**Student:** 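This is the structure I have questions about; it appears just below.
All values derive from a computational prediction rather than experimental measurement. All ligand and atom numbering here is 1-based and tracks the order in the structure.
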Amino acid sequence: MRHGPKDLGFYFHRTLNARIMGNTALAIHGGAGTIAKELMTPLREKDHRAALELALQRGHAVLTKGGPALDAVETAVRALEDSPLFNAGKGSVFNADGQHEMDASLMNGSDLRAGAVAGVQNVKNPIGLARRVMDQSDHVFLSGNGAFEFAHKQKIELEDDEYFFDAFRYEQWKEVVGTDEVRLDHAGSSMEAKEKKFGTVGAVALDRAGHLAAATSTGGMTNKKWQRIGDSPIIGAGTYANDMTCAVSCTGHGESFIRAVAAFDVHAMMLYKGAALIEAVRVVIHEKLPPLDGDGGLIAIDRHGNIVMDFNCSGMYRGQVGPDGEFRTAIFR
Ligand code: ASP
């Protein structure tokens with residue numbers, strides 16, 4: 001069955017169904033990659049799962065109170081940004097200058113409003129700044145100094161460089177500083193061969209009113225230079241939400257996800273081909289990204305609250321809570 005963009009009958013019918021059901025669902029990720037099982041100590045696993053669960057709880061609380069999906073994804077991503085375990089907000093990797101440049105975006109599925117920031121420094125929660133861009137400016141995407149000026153004007157919470165300092169990330173950076181090497185958020189030289197992961201965070205949600213939203217936040221890649229920007233803040237590449245189909249947040253090799261227009265492609269296959277969410281995600285992750293060296297994964301949710309979390313590498317930090325209210329977290333397949 002085909003659904004054209006002007007097929008409003010389809011749109012309103014689905015919206016009404018979701019309203020009657022009132023189901024809510026939320027999924028989150030903390031990055032995908034080659035996560036070596038033998039390096040995942042019980043303590044490390046426990047810490048990661050606890051951080052994921054906290055983010056799920058915060059986002060879920062918004063949804064159970066009848067709050068919008070947009071607030072739920074922002075809230076969940078904030079919690080992940082506040083954890084040093086993931087490459088976003090507090091845990092962001094170092095760039096070539098030994099600084100932290102962060103990217104974030106979010107999108108509202110009911111009206112296609114979106115907000116994004118790239119290359120921002122000292123902003124405690126870049127996802128909150130992306131939300132302000134959406135709500136308080138006439139723009140969708142701000143970057144660098146301009147975004148910082150806007151943050152200042154909006155009285156966004158800022159933090160000193162020390163807040164973002166993490167000894168583990170610093171060691172990662174010291175191995176490559178002064179070289180042209182741009183690295184993923186991997187586990188350090190001794191573990192390098194075994195573990196290469198992307199610590200970007202993201203969330204997708206369906207609220208009681210049947211609306212969808214997606215959010216993604218990242219520190220990008222270790223030792224990045226020239227103000228490199230990945231897929232995470234790019235609407236359609238790392239983040240996309242549309243009530244007609246789905247909400248998507250990606251993690252992986254940003255350059256490949258940009259070229260694949262990965263998040264939008266999941267939506268497009270559902271809209272134009274009538275593909276089910278699970279099939280659209282499978283095609284993007286396992287057929288379209290691999291020829292582009294697109295290691296990584298994505299989380300997605302459709303209008304019925306179906307959640308798909310798929311990846312083409314060994315693991316993805318992830319969690320979900322569906323209509324049954326049960327919290328589930330996972331790392332490997
Ligand atoms: N996609 C992010 C980027 O390329 C990295 C990640 O997912 O961790 O900036």
**Student:** Give the ring-plane orientation class for Phe94 versus His100, where under 30° counts as parallel, over 60° as perpendicular and anything between as tilted.
**Tutor:** tilted

**Student:** Verify the distance criterion only: is there a donor paired with an acceptor across the side chains of Gln121 and Gln99 at less than 3.5 Å?
**Tutor:** yes

**Student:** For a quick check under 3.5 Å, do Thr75 and Arg58 share a side-chain donor-acceptor pair by atom type?
**Tutor:** no

**Student:** Should you measure from each heavy atom of Ser232, which atoms of ligand 1 turn up under 4.0 Å away?
**Tutor:**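 Under 4.0 Å from Ser232, ligand 1 has these atoms: 1 (N), 2 (C).
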
**Student:** Closer than 4.0 Å to some heavy atom of Arg228 - which atoms of ligand 1 meet that?
**Tutor:**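 Ligand 1 atoms under the 4.0 Å threshold to Arg228: 3 (C), 4 (O), 9 (O).
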
**Student:** Return yes if a side-chain donor-acceptor contact under 3.5 Å exists between Thr216 and Ser249, otherwise no.
**Tutor:** yes

**Student:** Can you confirm, on distance only, whether ligand 1 has an N/O atom lying under 3.5 Å from any N/O atom belonging to Thr200?
**Tutor:**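 The answer is yes, given that Thr200 and ligand 1 share an N or O pair closer than 3.5 Å.
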
**Student:** Would you say ligand 1 has an N or O under 3.5 Å from any N or O of Asp103?
**Tutor:** no

**Student:** Counting only heavy atoms closer than 4.0 Å, does ligand 1 sit against the backbone of His29, its side chain, both, or neither?
**Tutor:** neither

**Student:** Please could you name the atoms of ligand 1 that Thr251 approaches to less than 4.0 Å, counting only its heavy atoms?
**Tutor:** 6 (C), 7 (O), 8 (O)

**Student:** Given 3.5 Å as the limit, does a donor-acceptor pair link the side chain of Arg318 with the main chain of Phe332, or not?
**Tutor:**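 Confirmed, Arg318 side chain pairs with Phe332 backbone.
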
**Student:** Of the side chain and backbone of Cys250, name the one, both, or neither that has a heavy atom under 4.0 Å from an atom of ligand 1.
**Tutor:**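 Near ligand 1, Cys250 shows nothing, with every heavy atom at 4.0 Å or more.
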
**Student:** Under 4.0 Å from a heavy atom of Asp231: give me the atoms of ligand 1 that qualify, with their elements.
**Tutor:** 1 (N), 2 (C), 3 (C), 4 (O)

**Student:** Whether the side chain of Lys224 engages the backbone of Gly230 through a donor-acceptor N/O pair (distance < 3.5 Å, no angle test) should be reported.
**Tutor:**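 Checking the backbone N and O of Gly230 against the side chain of Lys224, no donor-acceptor pair under 3.5 Å is found.
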
**Student:** If you count the atoms of ligand 1 from 1 in the order shown, which ones are under 4.0 Å from a heavy atom of Gly220?
**Tutor:** 9 (O)

**Student:** So, 4.0 Å and heavy atoms of Glu255: is ligand 1 close enough to count as a contact?
**Tutor:**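 Under 4.0 Å: no for Glu255.
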
**Student:** For the ring pair His29 and Phe311, is the centre-to-centre distance below 6.0 Å?
**Tutor:** no

**Student:** Below 4.0 angstrom from a heavy atom of Gly199, which ligand 1 atoms are there? Numbered from 1 as shown, please.
**Tutor:**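 Once the distances to Gly199 are compared, the set is 8 (O).
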
**Student:** Does an N or O from Gly230, backbone or side chain, lie closer than 3.5 Å to an N or O of ligand 1?
**Tutor:**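 N/O-N/O distance under 3.5 Å: no.
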
**Student:** Aromatic rings Tyr317 and Phe86: how do their planes relate, parallel, tilted or perpendicular, breaks at 30° and 60°?
**Tutor:** perpendicular

